[in-house]
Engineer: 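Please see the structure below; I have some questions.
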Amino acid sequence: FTSNIIVDYVGKITVEKFLGFYADFDEETKTATLLAYEEEPFGEDVVIPEKVSKSSNDESQCIEGNDYTVTVLGERIFESYSITSVIIPNTVTRIEDNAFEGCMLTTVTIPSSVIYLGEHVFVYCDNLESIIFEDTSNWAVYWYENPTVGTSVSVGNSVNNVTLLTDTYASYTWKKS
């Protein structure tokens with residue numbers, strides 16, 4: 001992680017801890033959509049923060065803070081990164097298309113707060129052995145040509161979920177009703 005050193009107009013020095021994430025901040029709802037991570041990640045383990053603040057230096061940079069709740073992991077945020085594990089907080093409700101495509105993940109837990117998974121979220125994650133849903137009820141998959149009619153899918157088997165999300169229904173949107 002890097003720090004931004006900010007000197008304001010009266011010479012006060014502030015050090016901001018840059019978390020490596022860039023985001024789109026919604027002022028009305030006080031939520032953040034994480035859009036990108038600065039270059040190849042920081043290591044093999046990722047902990048996604050529950051809350052972040054805007055940097056004074058760059059308003060798209062996330063720093064430590066409690067101003068905005070992280071609710072969305074944006075498209076391709078970790079695509080092809082060599083991360084092996086990720087902790088997703090219970091504040092996240094959406095994981096967008098291709099978010100973890102091609103990662104080295106072995107096990108993922110989808111928190112009960114998540115109600116939407118985009119297309120190809122885990123495609124090409126060749127090391128993936130287990131996808132655990134904290135809440136297994138009421139999941140359905142939707143094909144893009146008919147986005148209003150879903151097919152119910154059982155997500156109780158964490159090993160079977162890998163096949164469902166990387167192959168069988170990889171091109172579908174997943175929604176929890």
Side-chain angles (χ1 to χ4, degrees), residues 19-38 41 45-54 59-63 65-81 83 85-105 107-125 128 130-156 158 161-177:
L19 299 174
F21 291 103
Y22 291 89
D24 182 22
F25 297 96
D26 187 319
E27 296 297 331
E28 187 175 315
T29 62
K30 292 306 226 183
T31 59
T33 296
L34 298 185
L35 300 174
Y37 193 82
E38 184 178 65
D45 301 320
V46 176
V47 177
I48 296 168
E50 289 183 16
K51 293 189 174 243
V52 294
S53 292
K54 278 185 192 179
E59 289 203 355
S60 66
Q61 286 185 349
C62 296
I63 60 169
N66 293 311
D67 296 330
Y68 298 88
T69 303
V70 174
T71 57
V72 179
L73 301 183
E75 287 186 24
R76 303 184 186 280
I77 185 169
F78 295 111
E79 181 183 13
S80 299
Y81 284 172
I83 59 174
S85 72
V86 62
I87 297 174
I88 303 168
N90 277 322
T91 58
V92 171
T93 59
R94 295 176 63 93
I95 301 175
E96 297 294 341
D97 296 352
N98 307 85
F100 295 100
E101 178 182 336
C103 287
M104 304 301 289
L105 295 168
T107 300
V108 176
T109 298
I110 307 295
S112 57
S113 58
V114 173
I115 59 170
Y116 176 91
L117 296 170
E119 296 175 13
H120 305 114
V121 171
F122 298 109
V123 75
Y124 305 123
C125 291
L128 202 52
S130 173
I131 301 173
I132 301 162
F133 284 80
E134 285 184 348
D135 184 352
T136 60
S137 60
N138 301 318
W139 279 96
V141 293
Y142 296 81
W143 183 243
Y144 73 94
E145 291 178 353
N146 196 357
T148 58
V149 178
T151 301
S152 180
V153 64
S154 173
V155 295
S158 63
N161 292 342
V162 173
T163 302
L164 294 176
L165 278 156
T166 62
D167 184 23
T168 311
Y169 294 117
S171 298
Y172 288 66
T173 326
W174 291 57
K175 298 178 186 175
K176 187 167 178 37
S177 56

Engineer: Without swapping roles, check the side chain of Ser113 against the backbone of Asn90 for a donor-acceptor pair under 3.5 Å.
Structural biologist: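 Yes, Ser113 side chain to Asn90 backbone: donor-acceptor pair under 3.5 Å.
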Engineer: Between Pro49 and Pro89, which heavy-atom pair has the shortest distance, and what is it?
Structural biologist: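 The pair with the smallest heavy-atom distance is O-CG, 3.7 Å.
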Engineer: What's the separation between atom CG in Leu128 and atom OG1 in Thr163, rounded to the nearest 0.5 Å?
Structural biologist: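 Leu128 CG to Thr163 OG1: 9.5 Å, rounded to 0.5 Å.
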Engineer: For a quick test of reading the model, state the closest non-hydrogen atom pair linking Cys103 to Ile83 and the distance between them.
Structural biologist: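 Smallest heavy-atom distance, with atoms named: SG-CG1, 3.8 Å.
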Engineer: Please identify each residue that fulfils ring-ring contact (aromatic ring centres under 6.0 Å, His included) with Tyr172, with sequence neighbours left out.
Structural biologist: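 With sequence neighbours excluded, Tyr172 shows a ring-ring contact (aromatic ring centres under 6.0 Å, His included) to Trp143, Tyr169, given in chain and number order.
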Engineer: Using the rule side-chain contact (heavy atoms from CB on, under 4.5 Å), only one of Val72, Leu73, Asp24, Thr71 pairs with Leu34; which is it?
Structural biologist: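 With Leu34 as partner, Val72, Leu73, Asp24, Thr71 yield a single side-chain contact (heavy atoms from CB on, under 4.5 Å), made by Leu73.
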Engineer: To the nearest 0.5 angstrom, please state how far the NZ atom of Lys175 sits from the CH2 atom of Trp139.
Structural biologist: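 Separation between the atoms: 11.0 Å.
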Engineer: Which pair of heavy atoms, one from Gln61 and one from Tyr22, lies closest together, and at what distance?
Structural biologist: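 Closest approach of Gln61 to Tyr22, heavy atoms only: CG-CE2, 3.4 Å.
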Engineer: State the CG-CH2 distance between Leu165 and Trp174, to the nearest 0.5 angstrom.
Structural biologist: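 That separation rounds to 4.0 Å.
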Engineer: For a quick test of reading the model, state the closest non-hydrogen atom pair linking Asp45 to Ser85 and the distance between them.
Structural biologist: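 Looking at all heavy atoms of both residues, the closest pair is OD1-OG, 2.6 Å.
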Engineer: Out of Thr136, Val155, Ile115, which one pairs with Lys176 under the side-chain contact (heavy atoms from CB on, under 4.5 Å) rule?
Structural biologist: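 Filter result, single survivor: Ile115.
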Engineer: Is it true that Thr31 and Asp26 share a donor-acceptor pair across their side chains at a distance under 3.5 Å?
Structural biologist: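 No.
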Engineer: Pair up each side-chain donor or acceptor in residues 116-125 with any protein partner under 3.5 Å, not counting sequence neighbours, and list the distances.
Structural biologist:
from: His120; atom 1: NE2; to: Ser171; atom 2: OG; distance (Å): 3.1

Engineer: If only atom types and distance count, is the side chain of Glu96 paired as donor or acceptor with the main-chain N or O of Glu75 below 3.5 Å?
Structural biologist: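 The answer is no, because no donor-acceptor pair under 3.5 Å joins these two groups.
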Engineer: Considering all heavy atoms of both residues, which atom of Gly74 and which atom of Ala99 are nearest to each other, and what is their separation?
Structural biologist: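 Looks like O-CB, 3.9 Å.
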Engineer: Between atom CD1 of Ile77 and atom CG of Asp97, what is the distance when rounded to the nearest 0.5 Å?
Structural biologist: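 Reported to 0.5 Å precision, the distance equals 13.5 Å.
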Engineer: Determine, stepwise, if the pair Tyr68 / Lys54 fulfils side chain to side chain contact (heavy atoms under 4.5 Å, CB included).
Structural biologist: CA-CA 8 Å; Tyr68 298 88; Lys54 278 185 192 179; 3.6 Å; yes
Engineer: For the NZ atom of Lys30 and the CG atom of Asn66, what is their distance to the nearest 0.5 Å?
Structural biologist: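 Between Lys30 NZ and Asn66 CG, I get 11.5 Å after rounding to 0.5 Å.
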Engineer: What are the two closest non-hydrogen atoms of Ile88 and Thr109, and how far apart are they?
Structural biologist: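 Shortest heavy-atom separation between Ile88 and Thr109 comes out as CD1-O, 4.0 Å.
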Engineer: What distance do Thr166 atom OG1 and Ile131 atom CD1 have between them, rounded to the nearest 0.5 Å?
Structural biologist: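 Atom-to-atom, Thr166:OG1 and Ile131:CD1 are 6.5 Å apart.
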